[in-house]
Student: 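There's a structure below that I have some questions on.
Bear in mind the structure is a predicted one, so any value in this text is a computation, not a measurement.
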Amino acid sequence: MSISWSRTTLALAGGLTALTLLTACGGGSGATGSEGPVTLTYWGWTKGTKQAVDAFNATHRDTKVRFEEIPSGTAGGYAKISNAVKAGNAPDLVSVEYPTLPEFVSQGAVRDITPYVTPELKRKLLPQAVQLTSLGGRNWAVPFDAAPQVYYYRKDFFTRHKIEVPRTWDAFRAAAAAVKKADPKARIGTFFPDDPTTFEAMAWQAGAHWFATQGDSWKLTTTDPATRKVTDYWQGLLKDDLVHTHASFSPGWTNSLKGGGTVGYLGASWGAGVLKGTLPDQSGKWAAAPVPSWDGRPASGMLGGSTTAVTKNSRHTEAAVRFATWMSTSAEAIKARVASGESSAYPAATALRPVARRAFDTRYYGGQDVYALFDAAAASVDPRWGWGPATGTTNTALKDEFGKAAGAGGGGTGSLAAAVRAGSDATVRELRKRGLKVMGR
């Protein structure tokens with residue numbers, strides 16, 4: 001993933017510092033120095049995590065980890081973590097995606113782990129991922145993976161009906177119409193009304209830059225041509241009933257995939273493992289392609305991507321960071337995770353990508369080297385996108401409004417454009433509530 005995040009990350013870090021978001025952030029660093037045998041608690045949801053934790057526990061005596069699977073962040077996981085932090089009973093470690101990390105930092109929910117993020121560790125990790133976890137000149141999490149966009153499709157359906165795999169968004173719309181014509185119950189993909197991160201990745205890919213800092217102020221830009229283009233495009237697909245509107249990873253979505261009612265999935269690198277684990281009976285029927293772009297040239301956003309952070313409630317910071325480091329940089333951890341059959345993690349530790357590639361059983365995708373596709377997608381990620389400090393507020397507003405707009409055949413009571421405005425307005429109110437300056441608003 002040979003892209004540079006320095007401009008965006010330095011701006012975010014500078015803005016965080018200038019806006020005094022980085023306060024005590026959890027106080028001290030917890031227990032330090034030489035620690036005896038400890039048991040750590042860890043909450044997360046990424047596929048294959050349990051198998052990786054089991055591998056750690058089987059090979060380590062002085063540290064044991066109790067893993068609890070929680071809902072994904074936007075499906076309630078982040079709320080659970082935040083509530084636990086406020087109650088003082090959060091686990092030692094949590095999964096946090098890159099977009100949400102700045103908010104957890106600003107809330108003081110996670111610990112500053114700078115003393116433990118050594119130059120040696122940084123050299124093992126994708127520099128851009130390290131930068132995304134570095135705010136205000138401090139380190140707040142250990143990067144685990146990157147998540148460039150990918151399009152997964154039912155190869156057998158496309159072949160049988162002679163539908164060309166789309167490389168542009170114009171072609172995607174044409175293919176969507178062809179899918180519906182071939183089977184009136186089938187759709188080329190799904191608009192997830194409950195998952196704003198997928199829409200944000202589309203805006204990112206199109207060249208939008210929602211969040212930026214200038215001096216001591218935040219600047220929100222959601223009415224730019226790139227965002228309007230994405231909003232209008234998906235509104236048209238919804239109006240013409242060319243995509244489904246199931247909630248992400250819901251029984252409705254899963255059953256539609258199983259029954260052939262959904263024959264495509266706009267996801268990310270980790271989505272290959274999701275499909276493989278969710279639809280084992282469809283082995284050999286799926287393939288992966290670059291996500292469509294506006295001009296046919298490679299372009300991608302990031303859809304998620306996870307880190308491991310130490311919460312403010314942990315009393316074992318040093319041991320927690322050692323475990324997080326092992327999870328991100330150990331070949332045993334990556335192999336256990338990917339060999340589980342449910343994970344297609346694209347490691348932030350660049351040297352471990354061949355390990356992941358070898359561990360991933362490609363038979364599900366007809367022998368296709370999906371990791372080569374991930375490499376190309378990662379290289380095409382636009383480096384200019386940055387995340388703001390109130391992503392939870394932004395996404396909650398988007399989620400509420402997307403649900404109103406997502407009626408099939410134009411039956412929704414709202415619009416995607418109104419949803420984006422609502423998300424922007426809610427974010428501005430939240431930033432001002434925190435005493436932060438917002439330009440032009």
Student: Looking only at side-chain N and O atoms, does Trp204 offer a donor or acceptor that is under 3.5 Å from a partner on Glu200?
Tutor: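 On atom types as modelled, these side chains do not qualify, holding no pair under 3.5 Å.
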Student: When you measure from the side chain of Ser415 to the backbone of Ala418, do you find a donor-acceptor pair of N or O atoms at a distance under 3.5 Å?
Tutor: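 Yes: the side chain of Ser415 pairs with the backbone of Ala418.
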Student: Give the minimum heavy-atom separation between Thr197 and Leu303, together with the two atoms involved.
Tutor: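 So the two residues come closest at OG1-CD2, 3.7 Å.
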Student: Stepwise, does the ring-ring contact (aromatic ring centres under 6.0 Å, His included) test hold for Phe323 with Phe56?
Tutor: CA-CA 8 Å; Phe323 166 73; Phe56 178 89; 4.9 Å; yes
Student: Could you check whether atom NZ of Lys180 has more than 12 heavy atoms from other residues, nucleotides or ligands sitting under 6.0 Å from it?
Tutor: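 More than 12 heavy atoms, drawn from other residues, nucleotides or ligands, come within 6.0 Å of this atom.
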Student: In Å, rounded to the nearest 0.5 Å, how long is the span from OH of Tyr152 to CG of Leu279?
Tutor: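 The CG atom of Leu279 is 13.0 Å from OH of Tyr152, to the nearest 0.5 Å.
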Student: Going through the checks in order, is the ring-ring contact (aromatic ring centres under 6.0 Å, His included) test met by Trp43 and Trp45?
Tutor: CA-CA 7 Å; Trp43 290 358; Trp45 60 85; over 10 Å; no
Student: So, using side chain to side chain contact (heavy atoms under 4.5 Å, CB included) as the criterion, who are the partners of Gln214 when residues are at least two apart?
Tutor: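 So Gln214 forms a side chain to side chain contact (heavy atoms under 4.5 Å, CB included) with Met439.
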Student: For Asp295, give me all partners under salt bridge (Lys or Arg N to Asp or Glu O under 4.0 Å), at least two apart in sequence or on another chain.
Tutor: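 Partners of Asp295 under the salt bridge (Lys or Arg N to Asp or Glu O under 4.0 Å) test: Arg297.
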Student: Where the side chain of Asp194 meets the backbone of Ser248, is there a donor-acceptor pair that is under 3.5 Å apart?
Tutor: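 Flag set: sc Asp194 to bb Ser248 pair under 3.5 Å.
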Student: Tell me if a side-chain donor or acceptor on Ser424 pairs with a main-chain N or O of Val420 at a distance below 3.5 Å.
Tutor: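 Checking the backbone N and O of Val420 against the side chain of Ser424, no donor-acceptor pair under 3.5 Å is found.
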Student: Using atom types as modelled and distance alone, determine if a side-chain donor or acceptor of Ser344 lies under 3.5 Å from a backbone N or O of Trp270.
Tutor: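 It does hold such a pair.
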Student: For Gly284 versus Lys155, what's the shortest heavy-atom pair and its separation?
Tutor: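 Looks like O-CE, 4.0 Å.
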Student: In terms of relative ring orientation, are Trp253 and Phe192 parallel, tilted or perpendicular, with 30° and 60° separating the classes?
Tutor: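 Geometry flag for Phe192 against Trp253: perpendicular rings.
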Student: Any side-chain heavy atom of Arg363 within less than 4.5 Å of one from Gln368?
Tutor: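 No - every pair of side-chain heavy atoms lies 4.5 Å or more apart.
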Student: Could you state the interatomic distance from OG1 (Thr350) to CG (Leu125), rounded to the nearest 0.5 Å?
Tutor: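 Here the rounded value is 8.0 Å.
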Student: Between Pro143 and Ala348, what is the shortest heavy-atom contact and its length?
Tutor: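 The pair with the smallest heavy-atom distance is CB-CB, 4.1 Å.
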Student: Might you work through the side chain to side chain contact (heavy atoms under 4.5 Å, CB included) test for Trp294 and Val230, ending with a clear yes or no?
Tutor: CA-CA 10 Å; Trp294 291 99; Val230 174; 4.1 Å; yes
Student: Indicate the ring-plane relationship of Phe199 and Trp210, choosing parallel, tilted or perpendicular according to the 30° and 60° boundaries.
Tutor: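 Because their plane-to-plane angle lies in the 30° to 60° range, the rings of Phe199 and Trp210 count as tilted.
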Student: Would you give the length of the straight line joining atom CG of Leu431 to atom CZ of Phe211, rounded to the nearest 0.5 angstrom?
Tutor: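 Here the rounded value is 8.5 Å.
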Student: Is there side-chain contact between Asp224 and Thr221, with at least one heavy-atom pair below 4.5 Å?
Tutor: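 Yes, at least one pair of side-chain atoms sits under 4.5 Å.
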Student: Are any side-chain N or O atoms of Ser380 and backbone N or O atoms of Ala377, one a donor and one an acceptor, separated by less than 3.5 Å?
Tutor: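 Side chain of Ser380 to backbone of Ala377: a pair is present.
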Student: Kindly compute the distance separating CZ (Phe374) from CZ (Arg357), expressed to the nearest 0.5 Å.
Tutor: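 Those atoms lie 9.5 Å apart.
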Student: Output the distance between atom CG (Asp281) and atom OG1 (Thr278), rounded to the nearest 0.5 Å.
Tutor: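 Rounded to the nearest 0.5 Å, the CG-OG1 separation comes to 11.5 Å.
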Student: Using a 3.5 Å distance criterion without hydrogens, assess whether the side chain of Ser330 forms a donor-acceptor pair with backbone atoms of Met327.
Tutor: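 Pair absent, no side-chain N/O of Ser330 close to backbone of Met327.
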Student: Answer whether the closest heavy-atom distance between the side chains of Trp140 and Ser134 falls below 4.5 Å.
Tutor: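 Trp140 does not reach Ser134 side chain to side chain.
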Student: With sequence neighbours excluded, what pairs up with Ala141 under the side chain to side chain contact (heavy atoms under 4.5 Å, CB included) test?
Tutor: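 With neighbours one apart ignored, the set is Leu101, Thr133, Thr307, Ala309.
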Student: Taking Ser82 for the side chain and Ala79 for the main chain, is one N or O donor matched with an acceptor at less than 3.5 Å?
Tutor: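 No, Ser82 side chain to Ala79 backbone: no donor-acceptor pair under 3.5 Å.
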Student: Using modelled atom types only, decide if a donor and an acceptor are shared between the side chain of Tyr364 and the backbone of Gly341 within a distance under 3.5 Å.
Tutor: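 Absent.
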Student: Looking at side-chain heavy atoms only, is the closest gap between Gln149 and Leu266 below 4.5 Å?
Tutor: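 The answer is no, as the side chains (C-beta and beyond) never meet within the 4.5 Å cut-off.
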Student: Say whether, by atom type as modelled, one donor and one acceptor occur between the side chain of Thr325 and the main chain of Val321 under 3.5 angstrom.
Tutor: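 Yes, because the side chain of Thr325 sits within donor-acceptor range (under 3.5 Å) of the backbone of Val321.
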Student: Give, for atom CG of Asp425 and atom CD of Glu430, the distance between the pair rounded to the nearest 0.5 Å.
Tutor: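 Between atom CG of Asp425 and atom CD of Glu430 there are 13.5 Å.
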Student: What class does the angle between the rings of Tyr265 and Phe249 fall in, given that below 30° is parallel, 30 to 60° is tilted and above 60° is perpendicular?
Tutor: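 The rings of Tyr265 and Phe249 stand perpendicular, inter-plane angle above 60°.
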Student: Can you give the donor-acceptor pairs under 3.5 Å from side chains of residues 160-172 to other protein atoms, not counting sequence neighbours?
Tutor:
{"residue": "Thr168", "atom": "OG1", "partner": "Ala171", "partner atom": "N", "Å": "3.0"}
{"residue": "Trp169", "atom": "NE1", "partner": "Gln205", "partner atom": "OE1", "Å": "3.2"}
{"residue": "Trp169", "atom": "NE1", "partner": "Pro292", "partner atom": "O", "Å": "3.0"}

Student: Decide yes or no on side chain to side chain contact (heavy atoms under 4.5 Å, CB included) for Thr213 and Lys219, but give the supporting numbers first.
Tutor: CA-CA 6 Å; Thr213 57; Lys219 182 179 181 181; over 6 Å; no
Student: Within the structure provided, determine whether Thr427 and Trp218 are in side-chain contact (heavy-atom separation under 4.5 Å).
Tutor: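 A side-chain contact under 4.5 Å is absent here.
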Student: Could you tell me whether Asp232 and Arg228 make a salt bridge, using a distance below 4.0 angstrom between a side-chain N and a carboxylate O?
Tutor: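 Here Asp232 does not pair with Arg228 in a salt bridge, since their nearest N and O are not under 4.0 Å apart.
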Student: Side-chain contact test, heavy atoms from C-beta onward, threshold under 4.5 Å: evaluate it for Arg187 versus Asp241 and give yes or no.
Tutor: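 Yes, side chains in contact.
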Student: Apply salt bridge (Lys or Arg N to Asp or Glu O under 4.0 Å) to the pair Lys50 and Asp54, showing each step before the final yes or no.
Tutor: CA-CA 6 Å; Lys50 181 183 183 302; Asp54 289 344; 3.0 Å; yes
Student: Are Glu97 and Tyr78 linked by a side-chain donor-acceptor pair shorter than 3.5 Å?
Tutor: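 Yes, Tyr78 and Glu97 have a side-chain donor paired with an acceptor closer than 3.5 Å.
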Student: If you look at every heavy atom in Tyr42 and Ser95, which pair is closest and at what distance?
Tutor: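 So the two residues come closest at OH-OG, 3.5 Å.
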Student: Taking side chain to side chain contact (heavy atoms under 4.5 Å, CB included) as the definition, give me every residue that meets it alongside Asn89, ordered by chain and number, with sequence neighbours left out.
Tutor: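 For Asn89 the side chain to side chain contact (heavy atoms under 4.5 Å, CB included) partners, ignoring immediate neighbours, are Ala84, Ala87.
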Student: Just one of Val310, Thr311, Thr41, Val110 clears the side-chain contact (heavy atoms from CB on, under 4.5 Å) bar with Leu93, so which one?
Tutor: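 Testing Leu93 for a side-chain contact (heavy atoms from CB on, under 4.5 Å) against Val310, Thr311, Thr41, Val110 leaves exactly one candidate, Val310.
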Student: Determine which pairs satisfy salt bridge (charged side-chain N to carboxylate O under 4.0 Å, His left out) with at least one residue from residues 331-350, sequence neighbours left out, and list them in order.
Tutor: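 Every candidate salt bridge (charged side-chain N to carboxylate O under 4.0 Å, His left out) pair involving residues 331-350 fails, so no pair, neighbours aside, qualifies.
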Student: Looking at Tyr153, is Lys285 sitting on its ring face, NZ or CZ under 6.0 Å from the six-membered ring centre and within 45 degrees of the normal?
Tutor: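 Lys285 over Tyr153 ring: no.
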Student: Say whether, by atom type as modelled, one donor and one acceptor occur between the side chain of Thr391 and the main chain of Thr100 under 3.5 angstrom.
Tutor: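 No: the side chain of Thr391 does not pair with the backbone of Thr100.
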Student: Answer yes or no: is there a side-chain heavy-atom contact under 4.5 Å between Thr329 and Phe144?
Tutor: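 The answer is no; the side chains never approach within 4.5 Å.
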Student: Is any side-chain heavy atom of Ile70 less than 4.5 Å from a side-chain heavy atom of Ile81?
Tutor: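 Touching, per the 4.5 Å side-chain cut-off.
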Student: When you look at Asp156 and Arg154, which way does the salt bridge (Lys or Arg N to Asp or Glu O under 4.0 Å) test go after all the steps?
Tutor: CA-CA 5 Å; Asp156 58 329; Arg154 278 283 298 269; 2.8 Å; yes
Student: Thinking salt bridges, do Asp240 and Arg173 make one under a 4.0 Å N-O criterion?
Tutor: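 Yes.
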Student: Which heavy atom of Gly304 sits nearest to which heavy atom of Tyr98, and what is that distance?
Tutor: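 For Gly304 versus Tyr98, the nearest heavy atoms are O-CD1, 3.8 Å.
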Student: Taking all non-hydrogen atoms of both residues into account, name the closest pair between Tyr346 and Pro148 and its distance.
Tutor: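 Closest heavy-atom pair between Tyr346 and Pro148: CD2-CD, 4.2 Å.
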Student: Do the charged groups of Asp195 and Lys399 touch, with an N to O distance under 4.0 Å?
Tutor: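 No, this pair does not count.
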